[in-house]
There are 2 protein chains.
Amino acid sequence: MDLTRKKRTRLYEDVVEQIRKLIVDGTLAPGDQLLPERQLAEKLGVSRSAVREALTSLVSLGLLEITPGSGAYVKEAKINDLIDPLASIMLKEINDVFDILEARQVLETGAAHLAAQRAERTDLYELHEFLRDMENDVNEGRDTDESDSQFHFSVVRASHNTVLINLMTVLMGLMKEYYGPSRKRLVENRQYREMWALQHTEIYEAIKNGDPENATDTVAKHLDTTIKEFRRLQGTDE
Amino acid sequence: MDLTRKKRTRLYEDVVEQIRKLIVDGTLAPGDQLLPERQLAEKLGVSRSAVREALTSLVSLGLLEITPGSGAYVKEAKINDLIDPLASIMLKEINDVFDILEARQVLETGAAHLAAQRAERTDLYELHEFLRDMENDVNEGRDTDESDSQFHFSVVRASHNTVLINLMTVLMGLMKEYYGPSRKRLVENRQYREMWALQHTEIYEAIKNGDPENATDTVAKHLDTTIKEFRRLQGTDE
DNA sequence: TGGTCCAAACTGGTCTGGCCAATTTCCATA
DNA sequence: TATGGAAATTGGCCAGACCAGTTTGGACCA
């Protein structure tokens with residue numbers, strides 16, 4: 001038996017790879033229009049169906065966007081297109097309920113450390129905006145889900161590390177899919193909402209003052225509080 | 001103009017969603033075989049081509065595996081299937097060359113902290129194995145790429161946090177695609193290889209002794225060394 | 001009875017050709 | 001020059017066919 005050749009290469013996979021290469025090496029820039037399926041098929045010497053399957057695959061990878069009647073366009077590949085499948089994969093593997101929050105703690109404390117060193121005026125402005133948003137939400141009894149997430153995201157953005165930012169995007173996607181229900185219950189507790197808002201202020205101050213250690217500590221404390229509260233909620237649940 | 005309805009739902013996307021649901025809710029378990037394309041088409045009342053495009057999409061998302069002549073099988077969705085597209089997306093957004101290493105530092109220091117608290121005998125054994133592998137590689141002048149990666153990965157695995165492990169997988173994929181060339185040059189320097197092996201030992205000892213702070217520090221120091229060396233290499237390059 | 005081997009049935013991969021609906025193009029008309 | 005609408009173009013979907021592997025079910029042999 002021939003163990004080297006595992007699976008014969010499928011034709012449409014070749015097409016995928018060819019187009020993919022053109023995109024990654026910049027020959028095809030975001031916004032560019034691909035040749036029509038029929039011409040592409042002729043040019044590559046394959047049938048239209050093979051081309052279609054290739055395009056379908058590229059669409060599901062977030063590399064293309066297809067408008068019926070118009071054409072296929074190269075898309076600015078954004079991580080959001082992969083969040084859903086990524087989240088479902090990671091969710092299946094989770095065995096401890098607090099893995100996500102713990103991972104956030106690891107990532108956000110590190111990001112805060114960097115943010116305190118690198119935050120620029122625009123970053124501080126953004127942080128302050130979301131800080132105020134959340135305070136308003138608390139005062140007016142609104143849901144703080146959105147403003148809370150936004151603030152945490154801003155902290156990571158202020159680290160100016162795109163890799164950390166992308167990883168945070170993944171974690172936020174995970175949060176939404178995993179903690180959706182219990183989070184709703186958590187934020188109904190006004191006492192905790194207020195404590196959170198206060199802790200956010202501390203974080204903001206630490207970053208503004210350019211104090212990495214303090215930024216790290218306040219973020220760590222903040223997420224500790226969160227984890228403890230989630231744990232308490234879970235305890236009353238079952 | 002109607003802004004609410006952006007794009008009409010494509011038929012094959014419906015099929016994707018239906019099958020996807022069956023997989024995530026467990027009706028279709030990994031290893032299960034799907035109905036043949038022709039039957040699936042008949043059952044869903046669509047053409048075979050629509051089914052094929054749906055299956056193509058699911059394959060590229062890593063949810064299915066198709067064997068020609070045999071059938072389509074539900075796959076244990078692994079993050080590796082999404083690493084390539086994920087890496088290319090994140091690579092495009094990177095503006096500082098050391099973003100990846102910095103992100104690794106954030107993630108691995110946190111993971112080491114947890115590992116020192118949670119590592120079990122099997123984890124320590126695995127760590128020790130890769131430690132020895134690398135020492136052997138160094139002594140015999142072999143490439144240390146593999147054994148080095150494996151050790152770092154083991155540290156994160158010892159944290160027993162599946163989310164961190166998955167994020168580490170992403171980062172390692174990024175490393176391979178980004179630092180491939182210069183890393184090759186780096187490990188040619190025997191002096192650094194030996195220093196690395198020594199630092200790995202320190203990390204191992206800290207985890208073994210259940211000393212979270214020390215584990216964090218040694219990992220931080222280790223990656224600092226790495227970043228500095230990469231920086232030096234880059235300086236001599238251009 | 002038990003194992004072997006081969007043909008038939010099945011399955012995915014690809015192709016051809018066709019129709020529809022939405023979009024774009026372009027020209028005749030106001 | 002602007003505009004309205006027909007024609008061409010494009011992607012979405014379908015039907016039917018053939019091929020190359022895989023699986024299956026017996027028929028045949030030991």
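Chain A is the first sequence line, chain B the second, and so forth, proteins listed ahead of strands; every chain is numbered from 1.
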Exercise. Which one, dC15(C), dA15(D), dG13(C), comes nearest to the side chain of Ala50(A)?
Worked result: dC15(C)
Problem set entry | Spacing between Leu40(B) atom CG and dC10(C) atom P, to the nearest angstrom | 17 Å
Seminar exercise, completed: Of the candidates dC14(D), dC13(D), dG13(C), the side chain of Ile66(B) sits closest to dG13(C)
Problem set entry | Whole-Å distance separating the CG atom of Leu44(A) from the C1' atom of dC15(C) | 15 Å
Exercise. Is any side-chain N or O of Arg52(A) under 3.5 Å from a base N or O of dG11(D), one able to act as donor and the other as acceptor?
Worked result: no
For this session: Check the surroundings of atom CD in Glu42(B): do more than 12 heavy atoms from other residues, nucleotides or ligands lie under 6.0 Å from it?
Result: no
Problem set entry | Residue Arg38(B), side-chain heavy atoms: nucleotide from dC19(C), dG12(C), dT16(C) that is nearest | dG12(C)
Problem set entry | Pair Arg20(A) + Glu17(A), salt bridge at N-O below 4.0 Å | yes
Problem set entry | Nearest-angstrom distance from the residue atom CD of Glu37(A) to C1' of dA21(C) | 14 Å
For this session: Would you indicate which nucleotide in dC14(D), dT16(C), dG12(C) comes nearest to any side-chain atom of Ser49(A)?
Result: dT16(C)
Exercise. Do side-chain atoms of Gln150(B) reach the backbone of Met134(B) as a donor and acceptor pair under 3.5 angstrom?
Worked result: no
Exercise. Is there a donor and acceptor pair, one atom on the side chain of Arg10(B) and one on the base of dG11(D), closer than 3.5 Å?
Worked result: no
Exercise. Side-chain N or O of Ser70(A) less than 4.0 angstrom from OP1 or OP2 on dT24(C)?
Worked result: yes
Exercise. Among dT10(D), dG12(C), dT16(C), which nucleotide sits nearest the side chain of Arg48(B)?
Worked result: dG12(C)
For this session: Choose from dG12(C), dT14(C), dC13(D) the nucleotide whose nearest atom is closest to any side-chain atom of Leu11(B).
Result: dC13(D)
For this session: Describe the nucleic acid contact of Gln39(A) in one word from base, sugar-phosphate, nothing, applying a heavy-atom distance below 4.0 Å.
Result: sugar-phosphate
For this session: Compare every heavy atom of Asn80(A) with every heavy atom of Thr169(A), then report the nearest pair and how far apart it is.
Result: CG2-OD1, 3.6 Å
For this session: Check the angle between the aromatic planes of His152(A) and His200(A) and answer parallel, tilted or perpendicular using the 30° and 60° thresholds.
Result: perpendicular
For this session: Could you pick out which residue, Thr67(A) or Val51(A), lies toward the 5' side of DNA chain C when each is mapped onto its nearest nucleotide?
Result: Val51(A)
For this session: Send over the distance from Leu35(A) CG to dT9(D) P, rounded to a whole Å.
Result: 15 Å
